J.: 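Right, I'll just put the structure down here and ask away after.
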Amino acid sequence: MRTLSYLFLTLLFFTSCNESKVIHKKQDMLISNITIIDVETGKLLENRNVIIDSGRIKGITIDKLNTNNFDTLIDGKAKYLMPGLAEMHAHIPPPTTSQERIEETLFLYLSNGVTTIRGMLGDPLHLDLRKQAHEGTLLSPRIYVSSPSLNGNSVKTKEEAVEKVTQYQKDGYDFLKIHPGIQRDVFDQAVETANKVGITFAGHVPVDVGVRHALESNYASIDHVDGFLEGLVPTSANVKADENGFFGYAFTPLADTTNIDELVALAKKHKVWIVPTQSLFERWFAPITADELLNQPEMKYMPKSTLEKWKTTKETSMQDESFSETQWKQFDDIRKQLIKKLQDNGHGILLGSDAPQLFNVPGFSIQHEVKGMQNAGLTSLEIIQSGTINPAKYFGALDEFGQVKEGLSADLIILDSNPLENLAALQQIEGVVVKGKWLSKQAIKEKLNSIAEHAAQN
């Protein structure tokens, strides 16, 4: 009996020790005394302590905590915490790019608080990068990957549409990327097959398809507000659809803005998100010189060879005899009207800048996109939502990211001031948390310096 009692007490002792180790195991990180931005309501939650462990938000409390229980301590006093941003029209370098440059590009996104990217021109390499990012073996934003381009050259027949859509779904791509040139019957076959195998599609609106049919076909998102300006042209104008120019620019004088509400209603009815990429139209196709853009500070992070190509492309496009600043201003005004009404009465807006595209440096270009959304009349909260909670809704991932909420992935930005009062605060980053890993302001600066040095050599 005495022996049994001894064994019981011994077992109880070791069990208690093990439980004690679990209870008192150090957590990874504590962000203390910080103001959380509730991106759903716009409310500020002051003096919160945020516990992060194993890449997730384990708790949020106003209670005082023992700082000895944490490996990393971050003082959030007088600072603001919000979810990481999503770049919903991003590009990941192709496999011909060096591994070093790919990793640098992914870091450029992170350096501006972009912790989720939707890659819009997929490749099998990107599926592997997505896996590495998910497993935490690659310092990267969360990655969603489109299929390789479905366009007028890659998909010419219905049979090709069935074959490629089916294969891309089997390969594990997150969605299909639609590009210009697809004929309507082939497009319809691609949509039918996509619905059958269970994969969404997004991107451009082929001319032969038209924006109304595209909306009725239930795109997951239409990017660049593509096809909408063409959709404003009355049928009585009797134009040739393929003479629309750069995203409808050639039809600007013919556009009837009283038709905007009809298109916006269709977008809402069919639950089509819009990714404006307004910065593309305020930088590449806009009355600003290549030299002005090249003088912007973030250009030092891009290889010289890339900058030279950007300069040549822009100067060529601006020399087109059809371009005039007066018509561009009208074109830009119509786009802003569309964006504002699609926000107010459509299904919603997703933040995306099309980077790296001409003079859109990854990460940094999202700041230009924010300004473009402001110019279109969106509020600070609406713009923040377009880059946080809206992408989470889009991906059906509200239980994974998009808010500062217990249980969600620890993808966060710490800011020096309140972005609801001034969106320039999004450029004043104290640090970024990506899947629970802390990137301090100093660490980001040092890595950016290294990227700039490397870019100068290429």
Side-chain angles (χ1 to χ4, degrees), residues 87-96 117-130 143-228 230-231 241-242 244 246-248 266-267 270-277 280 350 352-357 391 394-396:
E87 163 62 271
M88 293 296 284
H89 198 111
H91 287 284
I92 304 169
T96 53
I117 59 175
R118 187 177 66 142
M120 293 301 291
L121 190 58
D123 181 272
L125 168 70
H126 301 164
L127 296 175
D128 187 48
L129 294 174
R130 181 184 67 185
I143 295 174
Y144 289 93
V145 186
S146 84
S147 71
S149 172
L150 296 176
N151 58 65
N153 293 320
S154 66
V155 187
K156 297 179 180 179
T157 67
K158 291 182 178 181
E159 291 74 20
E160 283 183 309
V162 172
E163 177 188 350
K164 292 198 171 182
V165 170
T166 302
Q167 187 60 52
Y168 291 152
Q169 189 276 335
K170 286 182 179 178
D171 291 341
Y173 290 101
D174 293 304
F175 62 100
L176 304 171
K177 171 63 183 288
I178 306 296
H179 259 124
I182 302 177
Q183 297 303 297
R184 179 159 169 164
D185 62 332
V186 178
F187 170 82
D188 286 342
Q189 183 61 68
V191 169
E192 180 183 332
T193 307
N195 291 335
K196 181 179 179 181
V197 301
I199 187 169
T200 59
F201 51 95
H204 292 250
V205 174
V207 167
D208 199 48
V209 173
V211 70
R212 287 174 177 81
H213 187 61
L215 291 167
E216 290 165 352
S217 299
N218 301 314
Y219 268 66
S221 77
I222 289 179
D223 293 53
H224 316 294
V225 202
D226 195 13
F228 277 79
E230 292 92 328
D242 60 358
N244 56 338
F246 189 82
F247 292 97
L266 270 178
H270 293 277
K271 300 180 180 179
V272 181
W273 292 92
I274 305 298
V275 188
T277 67
L280 192 69
L350 300 171
S353 67
D354 200 349
Q357 188 54 272
Y394 173 88
F395 287 118

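Everything numeric here is computed off the predicted structure, so don't read it as measured data.
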J.: Quick one about His179 and Asn153 (side-chain donor to acceptor, distance below 3.5 Å, no hydrogens or angles considered), yes or no?
T.: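 No - no donor-acceptor pair under 3.5 Å links their side chains.
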J.: Is the NZ atom of Lys164 crowded by more than 12 outside heavy atoms at less than 6.0 Å?
T.: yes
J.: For Phe247, enumerate each residue passing the ring pair (Phe, Tyr, Trp, His ring centres under 6.0 Å) test, keeping only those at least two apart in sequence or located in another chain.
T.: His204, His224, Phe281
J.: Working to the nearest 0.5 angstrom, can you tell me the gap between Asp208 CG and Gln183 CD?
T.: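 Spacing of CG (Asp208) from CD (Gln183) equals 4.5 Å.
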J.: For the pair Glu230 and Val207, evaluate side chain to side chain contact (heavy atoms under 4.5 Å, CB included) and give the outcome as yes or no after the intermediate values.
T.: CA-CA 9 Å; Glu230 292 92 328; Val207 167; 5.6 Å; no
J.: To the nearest 0.5 Å, what is the distance between CD1 (Ile92) and CD1 (Ile143)?
T.: 4.5 Å
J.: Of all heavy-atom pairs between Met120 and His91, which one has the smallest distance, and what is that distance?
T.: CB-CE1, 3.8 Å
J.: So how far is it from Lys177 NZ to Asn151 CG, rounded to the nearest 0.5 Å?
T.: 10.0 Å
J.: Please say which of Ser147, Pro206, Ser149 ends up in a side-chain contact (heavy atoms from CB on, under 4.5 Å) with Ile178.
T.: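 With Ile178 as partner, side-chain contact (heavy atoms from CB on, under 4.5 Å) holds for just one option, Pro206.
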J.: With sequence neighbours excluded, what pairs up with Thr193 under the side-chain hydrogen bond (donor to acceptor under 3.5 Å, both in side chains) test?
T.: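 With neighbours one apart ignored, the set is Gln189.
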J.: Hey, is the main chain of Val205 close enough, under 3.5 Å, to the side chain of Asp226 for a donor-acceptor pair?
T.: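 Such a contact is found between Asp226 side chain and Val205 backbone.
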J.: Assess, by modelled atom type and distance only, whether the side chains of His89 and Thr277 contain a donor and an acceptor separated by less than 3.5 Å.
T.: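 No donor-acceptor contact under 3.5 Å links the two side chains.
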J.: Would you check if the side chain of Ser146 reaches a backbone N or O of Phe175 as a donor-acceptor pair within less than 3.5 Å?
T.: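 Flag not set: sc Ser146 to bb Phe175 has no pair under 3.5 Å.
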J.: How far apart are the C-alpha atoms of Leu215 and Phe228, what are their side-chain angles, what is the distance that settles it, and do they pass the side chain to side chain contact (heavy atoms under 4.5 Å, CB included) test?
T.: CA-CA 10 Å; Leu215 291 167; Phe228 277 79; 4.1 Å; yes
J.: For His126 and Pro93, work out which heavy atoms get closest and say how close.
T.: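 The pair with the smallest heavy-atom distance is NE2-O, 2.9 Å.
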J.: Could you grab the distance from atom CZ of Arg130 to atom CG of Leu125, nearest 0.5 Å is fine?
T.: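 Nearest 0.5 Å value for the CZ-CG distance: 12.0 Å.
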J.: With rounding to the nearest 0.5 angstrom, report the CD1 to CG distance, Ile274 to Leu350.
T.: 8.5 Å
J.: If you measure from CD1 on Ile222 to CZ on Phe201, what distance do you get to the nearest 0.5 Å?
T.: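 One finds 9.0 Å between CD1 of Ile222 and CZ of Phe201.
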J.: Please find the pair of heavy atoms, one from Ala190 and one from Ala161, that lie closest to each other, and give the distance.
T.: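 In this case the closest contact between Ala190 and Ala161 is N-CB, 3.9 Å.
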J.: Could you tell me if the side chain of Val209 sits less than 4.5 Å from the side chain of Ile182, heavy atoms only?
T.: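 Side-chain contact under 4.5 Å: no.
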J.: Heavy atoms only: give me the nearest Tyr219-Ala214 pair and the separation to one decimal.
T.: CD1-O, 3.2 Å
J.: Using the side chain to side chain contact (heavy atoms under 4.5 Å, CB included) rule, take Lys158 and Asp185 through it: C-alpha gap first, then chi angles, then the decisive distance, then the call.
T.: CA-CA 7 Å; Lys158 291 182 178 181; Asp185 62 332; 3.9 Å; yes
J.: Are Asn218 and Lys271 side-chain neighbours, meaning at least one heavy-atom pair lies under 4.5 Å?
T.: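 A side-chain contact is absent here, since even the closest heavy-atom pair is not under 4.5 Å.
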J.: Minimum heavy-atom separation for Asp223 to Met88, with atom names?
T.: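 Closest pair (atom of Asp223, atom of Met88, distance): OD2-O, 4.1 Å.
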J.: Can you name the nearest heavy-atom pair linking Val155 to Val186, along with the distance?
T.: CG1-CG1, 3.5 Å
